[in-house]
Amino acid sequence: MPIKSTQITTKDEYLSHWQMAHEVPQEFWAKAAENYEWMKPWDKVQSGDFNDLEIKWFEGASLNITANCLDRHLKTRGDKTAVIWESNDPNEAPIKYTYTELHAEVCRFSNVLKEKGIKKGDRVCFYMSMVPELLTGVLACARIGAVHSVVFGGFSAQALAGRIQDCQAKMVITCDEAYRGAKTIPLKAITDEAVESCDTIETVLVRERTGGSITYKEGRDYSLLPLIKAAKDDCPPEEMKAEDPLFILYTSGSTGKPKGLMHTTAGYMVWAGYTFENVFQMEENDTYWCTADIGWITGHSYITYGPLLNGATTIMFEGVPTYPDAGRFWDIVDKFKITHFYTAPTAIRALQACDINLVRKHDLSSLKVLGSVGEPINEEAWEWYNKEVGKERCPIVDTWWQTETGGIMITSLAGVTESIPAHATYPLPGVNPVLVDSEGKTILGNPGEGNLCMELPWPGIARTIWGDHKRYKETYFTTYPGKYFTGDGARRDDKGRYRITGRVDDVINVSGHRIGTAEVEDAINEHPAIVESAVVGYPHEIKGQGIYAYVICQPGQEETAEVLKPQLDALIMKMIGPIAKLDFILPVSGLPKTRSGKIMRRILRKIAAKDGNNLGDISTLLNPEIVEEIKKGAGL
Ligand code: PRX
């Protein structure tokens, strides 16, 4: 039977589409790809697998993703609002771009990049706050075939430098300063410090936002807005091959430095567009707001590319949920009559802890669909979101996915498949999840619980780690050979619906931000009095997980947690950024180690979670006596 459309409108359609995408993936994704404009058609829909790791989608085709985000809509939706930018300051007027205006603005920005020597394949790093030029700049890169790499504006100079060096960016685009609630962050000064150790950087463009005092380095630094204003508003989209890189985005893993996940053009486009359409189920006059930052994958796929590929109206918010007060999200929902609202559990929990009248005094009747992303949502937060925000009439899509997956993988579909508290529920068509036990044996039948893997490639999967394909293979495909290992654990209920239980590796999810324990330990170990440390996550009411550090001090240099805290946080701020600051420090005289010298983190995680009775077998430890000491120190 020929596939008529890949749009899902009923649960039966969902079930039959999942089956089709499983049985005839090439036909299914060819159909999905027909929604877009191609400069040249593909020869083969998909090739490569999780053994050869030469995954390709739409090979032979050429296209430009911005022609699909912008030009394609000009005839039918030219006057429709594409983007609304809302300032940190509620009294500053919003900025709106229609599709026609956004197209012109992106073209102008593209011409600025070209003028400053950026060519197809060059890497451009963004270190900005949520100003409109972050979105237009990312699209401008894609338009001329440059590879964007956005670094979240909360990272430190050292973290920024590491990312610039890794991808060998030629240009950084930043702001003078960022507004963040009542604070400002000196982005340009941080960039200056970072760039000192980055000899590939030729140009720094500065989007002046606060007017704060900064310095311009002659011949390297330029003010961005005047350049954009003076540029021509016409720039033809560069013809890109399907597998040409579109962007690099760094994320933390269990070990080593952050990994630059590389996404390519055609597969990512089809995946971002397809998932946005089917998960959120928007109608033409709806208004969509994802509260993420474009510095994270959520902002790439679901503020920028997904909504624009679908001709939607997308909101971009510069500020924070609690400024000027904790009712700001709801002010914005009412102000723009938001229909689709997508945020993170950590924000929900933080707002849940504030005065309920900050929500209840708002109308919120425009809302139709609510979304959650970034970490497991606990049932209490889910219920609150459903009752107080959605007034029990808005489906909640709990969307599980990762930087690596490019787009949403497991979720309910708004109003189409059922939403259940704290469950991501069903895999999208094209997503083939399996649960495996610690030996890699597949857990068959329902219900089941295990480590979450994917059996087959989907269009949006990251194709490699920039410059290190070997690490890509080792990180994702060697724990369970032939399968992509997500690093998450999950349970499957009797109906085959998934509930994600959280990371099973050494990654901590703090307020929806992925932090590698090894990175935090590296920063702590810089302290002259510290011999060794072990960092684990523990349950935290607002952040989901907090960071718990066990530290061993040099003999004779023992310090209390109170003394160490500011010193260790200063090191973390320098090497990573404020998002990795410690929540709890426990000085210890030793760490539980196996005979081969490996720290037994399982025990440390349990103690941090105040679960001292269930430590399992500790007889294989080299130093079992240390466990009692640590428990005592932790107050257990
Ligand atoms: O542990 C999962 C958690 O966030 C991780 C991915 O983080 P990152 O690459 O930064 O991307 C975040 C935004 C997609 C996952 O391995 N995670 C993400 N969404 C959910 C989730 N955990 C449970 N439920 C979710 N809906």
Say whether, by atom type as modelled, one donor and one acceptor occur between the side chain of [X] and the main chain of [Y] under 3.5 angstrom.
{"X": "Glu105", "Y": "Pro132", "result": "no"}
{"X": "Thr265", "Y": "Asp244", "result": "yes"}
{"X": "Asn432", "Y": "Leu456", "result": "no"}

Set out, in order, the CA-CA distance, both residues' side-chain angles and the distance that settles ring pair (Phe, Tyr, Trp, His ring centres under 6.0 Å) for Tyr426 and Tyr498, then state yes or no. CA-CA 6 Å; Tyr426 297 107; Tyr498 287 85; 8.9 Å; no
Could you tell me if [Y] and [X] have a donor-acceptor pair between their side chains, going purely by distance under 3.5 Å?
{"X": "Asn451", "Y": "Tyr480", "result": "yes"}
{"X": "Arg514", "Y": "Ser252", "result": "no"}
{"X": "Thr411", "Y": "Thr399", "result": "no"}

Dump the intermediate steps for salt bridge (charged side-chain N to carboxylate O under 4.0 Å, His left out) on Lys96 and Glu101, then the final yes or no. CA-CA 9 Å; Lys96 293 188 188 188; Glu101 289 162 346; over 6 Å; no
Are the charged groups of [X] and [Y] less than 4.0 angstrom apart, N to O?
{"X": "Glu418", "Y": "Lys495", "value": "no"}
{"X": "Glu449", "Y": "Arg492", "value": "no"}
{"X": "Glu375", "Y": "Arg503", "value": "no"}
{"X": "Arg143", "Y": "Asp71", "value": "yes"}

Can you say whether the rings of Tyr268 and Tyr305 are parallel (under 30°), tilted (30 to 60°) or perpendicular (over 60°)?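 Plane angle over 60°, so perpendicular.
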Could you label the plane-to-plane angle of the Phe126 and His148 rings as parallel, tilted or perpendicular, counting under 30° as parallel and over 60° as perpendicular?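 Phe126 and His148: perpendicular rings.
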Which residue is it: Trp29, Trp38, Trp271? I am looking for the one with a ring-ring contact (aromatic ring centres under 6.0 Å, His included) to Phe58.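 The option that passes is Trp38.
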So, do [X] and [Y] have ring centers that fall under 6.0 Å from each other?
{"X": "Tyr476", "Y": "Phe50", "result": "no"}
{"X": "Phe477", "Y": "Phe485", "result": "no"}
{"X": "Trp289", "Y": "Phe329", "result": "yes"}

Is there a side-chain contact between [X] and [Y], using heavy atoms and a 4.5 Å cut-off?
{"X": "Met130", "Y": "Ile294", "answer": "yes"}
{"X": "Glu59", "Y": "Ser47", "answer": "yes"}
{"X": "Trp384", "Y": "Leu351", "answer": "yes"}
{"X": "Leu428", "Y": "Ile408", "answer": "yes"}
{"X": "Lys391", "Y": "Leu364", "answer": "yes"}

Could you walk me through whether Tyr99 and Thr76 satisfy the side-chain contact (heavy atoms from CB on, under 4.5 Å) test, starting with their C-alpha distance in whole Å, then the side-chain angles of each, then the deciding distance to 0.1 Å, before giving a yes or no? CA-CA 10 Å; Tyr99 271 91; Thr76 49; over 6 Å; no
Lys335 vs Asp331, salt bridge (charged side-chain N to carboxylate O under 4.0 Å, His left out): CA-CA, chis, key distance, verdict: CA-CA 6 Å; Lys335 181 169 178 181; Asp331 288 339; over 6 Å; no
Would Tyr484 and Trp458 satisfy ring pair (Phe, Tyr, Trp, His ring centres under 6.0 Å), going step by step from the backbone distance to the final call? CA-CA 11 Å; Tyr484 167 79; Trp458 60 97; 5.7 Å; yes
Could you check whether atom [atom1] of [X] has more than 12 heavy atoms from other residues, nucleotides or ligands sitting under 6.0 Å from it?
{"X": "Lys241", "atom1": "NZ", "result": "no"}
{"X": "Asp363", "atom1": "CG", "result": "yes"}
{"X": "Lys387", "atom1": "NZ", "result": "no"}
{"X": "Lys11", "atom1": "NZ", "result": "yes"}
{"X": "Gln26", "atom1": "CD", "result": "yes"}

Using side-chain contact (heavy atoms from CB on, under 4.5 Å), reason through Glu277 and Gln7 one step at a time and then give a plain yes or no. CA-CA 7 Å; Glu277 175 188 12; Gln7 191 190 1; 3.2 Å; yes
Go through Arg349 and Glu541 one step at a time and tell me if the salt bridge (charged side-chain N to carboxylate O under 4.0 Å, His left out) criterion holds. CA-CA 8 Å; Arg349 288 189 297 263; Glu541 251 187 40; over 6 Å; no
Looking at residues at least two apart in the chain, or sitting in another chain, which of them share a side-chain contact (heavy atoms from CB on, under 4.5 Å) with Thr264?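 Partners of Thr264 by the side-chain contact (heavy atoms from CB on, under 4.5 Å) criterion, ordered by chain and then number, come out as Glu243, Met262, Arg463.
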Under the side-chain contact (heavy atoms from CB on, under 4.5 Å) rule, what do Ile303 and Thr298 come out as? Steps first, then yes or no, please. CA-CA 7 Å; Ile303 294 176; Thr298 308; over 6 Å; no
Before giving the answer on side-chain contact (heavy atoms from CB on, under 4.5 Å), spell out for Trp400 and Thr486 the whole-Å C-alpha distance, their side-chain angles and the decisive distance to 0.1 Å. CA-CA 11 Å; Trp400 175 86; Thr486 64; 3.5 Å; yes
For a salt bridge (charged side-chain N to carboxylate O under 4.0 Å, His left out) check, start with the C-alpha distance between Lys368 and Asp286, then their side-chain angles and the critical distance, and finish with the verdict. CA-CA 9 Å; Lys368 294 188 195 172; Asp286 287 347; 2.7 Å; yes
